[in-house]
Amino acid sequence: MNLKNLTLPELAETIKALGQPPFRAKQVYSWLHKGVRSYEEMTNLPKNLRDRLGENYPIQAPTVVRRQESRKDGTIKYLWQLSDGNCVETVLMRYHYGNTVCISTEVGCRMGCAFCASTLGGLVRRLEPFEMLDQVLFTQVDSGLPISHIVLMGIGEPLDNFDNVMRFLELVNSAEGMNISMRHISLSTCGLVPKIDELAKRNLQLTLSVSLHAPNDGIRDTIMPVNKLYPSQELIDACRRYYEATSRRISFEYAMIGGVNDSRENAKELIRRMKGLPCHFNLIPLNHVEESPLKPSTREAVAAFQKTLEDGGIPATVRRTLGGDIDASCGQLRRKYTKGN
Ligand code: SAH
């Protein structure tokens, strides 16, 4: 058992079973959520309790395999090694509104999107809640920068690891832990419709980001295999239900791929299909992945696409690219490292 997977009430049960008073649970919880690597660091605990905890519940923590800092914008990318030797990536981005970490939710991914480096080797395993929490904790510890925002947009499909991701959210949001507000968290999905409905039921105040990337099934089928399972109309309907349930505007991600999904006609089709759905489009110039023939759209095509959407009443922003000099996107660092070894 890993104590970092436990909520405070659950941890209190464990601590009680060791014959300890409840306030000890709070102490242990807050140390664990500060990113300590050993019980020795829990200086306000009696030595015998630290020893017992250490014997029964060794603290697991990731180690830094690679750390790359962008000279242009201060973006820092970490490649972490987990206890079983697997690696995942985390990116720290400095925005004017706060330091944001982009975390991974799985080792690899089984969704098979044509443009994405994370899926090339398939899914290795899902991350446990504490392994997601650790990415936030140890990025904060290592960088010395306080983290206020989280995006679940790293390696993996968060809704394909639903229960662990829900638990992670509860942990990172807890007042005695990092206390990161749900409104500062974005969860990105390729569009697992039943899970979007399940998420809607939780009525969390997080931002749901949906990787749409195409205006219709004809195009989406060719770049996102998940579309064959949950076609775009079902996905858009699920987004409407999500909005009904949560009153949270949907954020759509749209990777701009030259000659594939970036025409004016494509933008107009999107406007028609989004009618009446409060949403926002994030246009992402495609990051080129070595193994893929897909190319980014030209700057002109992106600008024209954005203007068409905006003229049609859909707010659209072009995502600023950060960390372009350090492979800071979408599983590229892990991919290089795994290939090299
Ligand atoms: N599995 C989730 C979250 C991880 S991917 C999802 O699909 O949303 C985070 C975002 O990066 C997604 O929108 C994904 O489609 C996008 N992405 C992946 N590879 C990309 C690339 N090469 N260029 C631009 N965006 C990419």
Side-chain angles (χ1 to χ4, degrees), residues 77 88-91 93 100-124 126-127 132 135 150-162 164-165 168 185-193 195-196 199 206-214 219-220 222-227 229-230 232 235 238-239 242 250-258 260-262 279-297 301-302 305 316-324 327-336:
K77 174 127 186 177
V88 290
E89 296 172 36
T90 307
V91 185
M93 294 158 292
T100 304
V101 279
C102 174
I103 66 159
S104 299
T105 55
E106 298 180 314
V107 180
C109 184
R110 60 178 187 141
M111 296 298 144
C113 299
F115 44 80
C116 180
S118 299
T119 203
L120 289 167
L123 174 68
V124 178
R126 302 191 163 93
L127 293 186
M132 296 178 238
Q135 293 174 62
I150 302 174
V151 296
L152 282 74
M153 295 186 183
I155 299 170
E157 167 51 47
L159 296 187
D160 197 32
N161 187 13
F162 193 86
N164 287 347
V165 165
F168 156 70
I185 300 178
S186 293
L187 184 154
S188 178
T189 178
C190 64
L192 302 180
V193 166
K195 300 291 178 184
I196 292 176
L199 186 66
L206 52 72
T207 298
L208 178 65
S209 293
V210 174
S211 301
L212 193 60
H213 303 328
I219 299 174
R220 203 162 188 266
T222 65
I223 51 176
M224 298 182 74
V226 68
N227 197 66
L229 202 53
Y230 306 113
S232 59
L235 176 56
C239 291
Y242 189 88
I250 309 286
S251 166
F252 286 104
E253 289 156 285
Y254 199 96
M256 304 280 305
I257 312 173
V260 173
N261 63 1
D262 63 347
C279 64
H280 171 267
F281 268 74
N282 235 310
L283 306 176
I284 315 162
L286 185 81
N287 275 296
H288 182 63
V289 172
E290 235 171 69
E291 287 85 346
S292 157
L294 301 171
K295 297 273 182 294
S297 304
V302 176
F305 200 89
T317 41
V318 180
R319 189 176 290 175
R320 200 157 60 96
T321 51
L322 293 175
D327 288 329
S329 65
C330 317
Q332 294 187 12
L333 189 58
R334 171 172 173 266
R335 178 87 191 139
K336 278 197 185 161

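No hydrogens, no waters, no symmetry mates; every other heavy atom, side chains included, goes into these values. Atoms within each ligand, like the ligands themselves, are counted from 1 in listed order. Treat the numbers as computed from the prediction; the structure is a model and nothing was measured.
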Using a strict cut-off of 4.0 Å, indicate which atoms of ligand 1 neighbour a heavy atom of [X].
X	result
C116	18 (C), 19 (N)
V289	22 (N)
E253	10 (C), 12 (C), 13 (O)
G154	4 (C)
H213	13 (O), 14 (C), 15 (O)

Hey, does [Y] have a side-chain heavy atom less than 4.5 Å from the side chain of [X]?
X	Y	answer
I219	V260	yes
T189	E157	yes
C113	H213	no
L159	V165	no
Y230	I196	no
V226	L192	yes

Minimum distance, heavy atoms only, to [atom]: which one of [options] is it?
atom	options	answer
atom 21 (C) of ligand 1	N287, L187, L294, V210	N287
atom 1 (N) of ligand 1	S188, C190, G156	G156
atom 6 (C) of ligand 1	P158, S211, A255	S211

With nothing but distance in play, are any N or O atoms of F115 less than 3.5 Å from an N or O of ligand 1?
yes
Would M224 count as a contact residue for ligand 1, given that I'm defining contact as a non-hydrogen atom of the residue lying under 4.0 Å from a ligand atom?
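Outside the 4.0 Å threshold, so no.
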Are C109 and ligand 1 in contact, using a heavy-atom cut-off of under 4.0 Å?
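Heavy atoms of C109 never come under 4.0 Å of ligand 1.
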Classify the contact between [X] and ligand 1 as side chain, backbone, both or neither, using a heavy-atom distance cut-off of under 4.0 Å.
X	result
H288	neither
I155	neither
L286	both

For C102 against G154, the heavy-atom pair lying closest together:
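Result for this residue pair: SG-N, 3.4 Å.
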Side chains of N161 and R126, donor plus acceptor under 3.5 Å:
no
Start with the C-alpha distance between F305 and F281, add both sets of side-chain angles, then the distance that settles ring pair (Phe, Tyr, Trp, His ring centres under 6.0 Å), and finish with yes or no.
CA-CA 11 Å; F305 200 89; F281 268 74; 7.8 Å; no
